[in-house]
**Student:** 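Below is a structure I'd like to ask you about.
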Protein chains: 2
Amino acid sequence: MSDLRTTLRGQGRRMTAQRAAVYAALCAASGHPTAEELFFAVRGHLPGISLATVYNTLDTLVDGGLAVKIPGDGAARYDPLCFPHGHTRCAVCGTLGNLPERDITAVLSEIPLPTGFQARAVTMEVEGVCADCAGRGH
Amino acid sequence: MSDLRTTLRGQGRRMTAQRAAVYAALCAASGHPTAEELFFAVRGHLPGISLATVYNTLDTLVDGGLAVKIPGDGAARYDPLCFPHGHTRCAVCGTLGNLPERDITAVLSEIPLPTGFQARAVTMEVEGVCADCAGRGH
DNA sequence: CTCCGTGCAAATCGTTTGCACACAG
DNA sequence: CTGTGTGCAAACGATTTGCACGGAG
C-alpha cells in the first residue's frame, strides 16, 4: 500500500477522508471488489459517503496507478496494484483470483507484437473452474 | 467460419436468417465490432432486425463457442473465434487488434496456477500505443 | 402443430454528470 | 481565500426483459 497522499500530490489532487477510506477498503478487501461493494464497506466508517464519490475515487486511483479496473460482465471490479499480475476467473461462481506473484510482463518478450506497436502493460485472465467449485463436481 | 447450423443444432437451437446474418457480419468485420456496429451492418441486408436480436444472437454464438465477448470500458466488443489469440488495445484511439497467430494457451504451461484451479481458456490483452498513433507523436 | 426466436418498447443496471455547498491547501 | 472534492438526484448508455406474433422443425 503506497503513500496515497504523495501520489495524489503528484497528480495535483487533494487528500480527503473519502479517498483514504476507499483506498484503505480496497487494500483491505480480500478479493476484487466492485464499486458498490466498496461503497458499503466504506459506509461503516464514513456513513455519509456517496456512490458517485467511490466511482470518482476509483478513477483517481486508476489514473494514479494505485489500482486497476477489471471490466467484466456486470459491474467492473477493482484491484489494488502492487505488482503486475494476471487473474483467474471461475466460470462457475465468477470469483476473481490473482495469479501467483510473477511479473507477467515477462511474457511480452516471448510474444511477437504487431509492427510499430509500443506495449505499455499486459493483462491476462485465465478462465476455468476454481478448486471450490471443482470439489462440488463441475 | 465453422458451420453455424450444426453448432446451433448441437445446442438444440434453430437456424434463422437473423443468426446467419449476424454471424456472417461478425466474420466479415475487419476489426472487433460492438453489438451496435453489427446491428447497423446487418440492417443493410435485413432491414427489420432489432438490436435485441443482435444481442441474443451474440450470446448464442458465445455459448456455442463461435465468438468471444471482450468487455471494455464502454460497449463490449465481439471477436469471431478461429483460434485462441490475444488482443492489443491502443490507449490513444482505443482500437482493438489481434496478436499475431500463435496459440496463447501455450503460456499456461509457463505460469503456475493456484492449486486446484482447472484452466479452460486464457485471454490476454496488451495495452500500448498503436503504430498509427505513435506516428502522430504520443 | 409446437415452440423457439423475433421485434418492439419499457425496464434495469452500472456509471456519469450538473449543481450548490464544504473543506483542503 | 480559491478552487477541488463531495453528496444528491437526475441523466445516460449498454444490455435485458415481457409480451404477442411469426416461422422453423
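Every chain is numbered from 1 and lettered A, B, ... according to where its sequence line falls, protein lines coming before strand lines.
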**Student:** Decide yes or no for A:Thr88 and A:Leu96: does some side-chain heavy atom of the first lie under 4.5 Å from some side-chain heavy atom of the second?
**Tutor:** no

**Student:** In whole Å, I'd like the distance from the CZ atom of B:Arg5 to the P atom of C:dG5.
**Tutor:** 13 Å

**Student:** Pairs of donor and acceptor atoms involving the side chains of residues 45-56 of chain A, under 3.5 Å and at least two apart or interchain, shall be tabulated with distances.
**Tutor:**
| unit_1 | atom_1 | unit_2 | atom_2 | d |
| --- | --- | --- | --- | --- |
| A:Ser50 | OG | A:Ala52 | N | 3.4 |
| A:Ser50 | OG | A:Thr53 | N | 3.3 |
| A:Ser50 | OG | A:Thr53 | OG1 | 3.2 |
| A:Asn56 | ND2 | A:Ala52 | O | 3.4 |

**Student:** What string of B, S and - do you get for nucleotides 10-21 of chain C 5' to 3' if you count protein non-hydrogen atoms under 4.0 Å?
**Tutor:** ----SBBB----

**Student:** Judged by atom type as modelled, is there a donor-acceptor pair below 3.5 Å linking the side chain of A:Arg19 to the main-chain atoms of A:Arg14?
**Tutor:** yes

**Student:** What residues, two or more places apart in sequence or in another chain, satisfy side-chain hydrogen bond (donor to acceptor under 3.5 Å, both in side chains) together with B:Asp63?
**Tutor:** none

**Student:** Could you pull out the closest heavy-atom pair between B:Pro71 and A:Asp73, with the gap in Å?
**Tutor:** CG-OD1, 4.5 Å

**Student:** Of all the choices, C:dA24, D:dG23, D:dT6, which nucleotide is nearest to the side chain of A:Gln18 once you look at every atom?
**Tutor:** D:dT6

**Student:** For the helix from C:dC1-D:dG25 to C:dG25-D:dC1, how many degrees between its two end axes (five pairs per end), to the nearest 10°?
**Tutor:** 50°

**Student:** Expressed in angstrom and rounded to an integer, what is the separation of A:Leu8 atom CG from D:dG5 atom P?
**Tutor:** 9 Å

**Student:** When you measure from the side chain of A:Thr57, which nucleotide among C:dG7, D:dG25, D:dT6 comes out closest?
**Tutor:** D:dT6

**Student:** Using only side-chain N and O atoms of A:Ser50, determine if any of them is under 4.0 Å from OP1 or OP2 of D:dC8.
**Tutor:** no

**Student:** What heavy-atom pair brings A:Ala76 and A:Lys69 nearest, and what distance separates the two atoms?
**Tutor:** CB-CE, 3.7 Å

**Student:** Shortest non-hydrogen contact from A:Leu4 to A:Ala20?
**Tutor:** CD2-CA, 3.8 Å

**Student:** Using atom CZ of A:Arg13 as one end and atom C1' of D:dT6 as the other, report the distance to the nearest whole Å.
**Tutor:** 14 Å

**Student:** Can you tell me how far the CZ atom of A:Arg13 sits from the OG1 atom of A:Thr60, to the nearest 0.5 Å?
**Tutor:** 4.5 Å

**Student:** Can you pull every protein N or O that's under 3.5 Å from an N or O on nucleotides 19-21 of chain D?
**Tutor:**
none

**Student:** For A:Val54 and for B:Ala17, find the nucleotide of DNA chain D with the closest heavy atom, then tell me which residue's nucleotide is more 5'.
**Tutor:** A:Val54

**Student:** Test of understanding: with side-chain contact (heavy atoms from CB on, under 4.5 Å), list the residues that count as partners of B:Glu36, not counting sequence neighbours.
**Tutor:** B:Thr34, B:Phe40

**Student:** Please work out whether the ring planes of A:His32 and A:His85 are parallel, tilted or perpendicular, with thresholds of 30° and 60°.
**Tutor:** tilted

**Student:** Let me know the distance between CE of A:Met15 and C1' of D:dT6, rounded to the nearest Å.
**Tutor:** 16 Å

**Student:** Please report the distance, rounded to the nearest Å, between CZ in A:Arg19 and P in C:dC23.
**Tutor:** 15 Å

**Student:** A:Glu125 versus B:Val122: any side-chain heavy-atom pair under 4.5 Å?
**Tutor:** no

**Student:** Look at B:Thr16 and C:dT6 and indicate whether a side-chain polar atom (N or O) is within less than 4.0 Å of OP1 or OP2.
**Tutor:** yes

**Student:** Round to a whole Å and report the spacing from CZ of A:Arg9 to P of D:dT4.
**Tutor:** 15 Å

**Student:** With rounding to the nearest 0.5 angstrom, report the SG to CZ distance, A:Cys90 to B:Arg120.
**Tutor:** 8.0 Å

**Student:** B:Arg14 has an atom CZ; how far is it from atom P of C:dT2, in whole Å?
**Tutor:** 13 Å

**Student:** Classify the nucleic acid contact of A:Gly12 as base, sugar-phosphate or nothing, counting any heavy atom under 4.0 Å across all strands shown.
**Tutor:** nothing

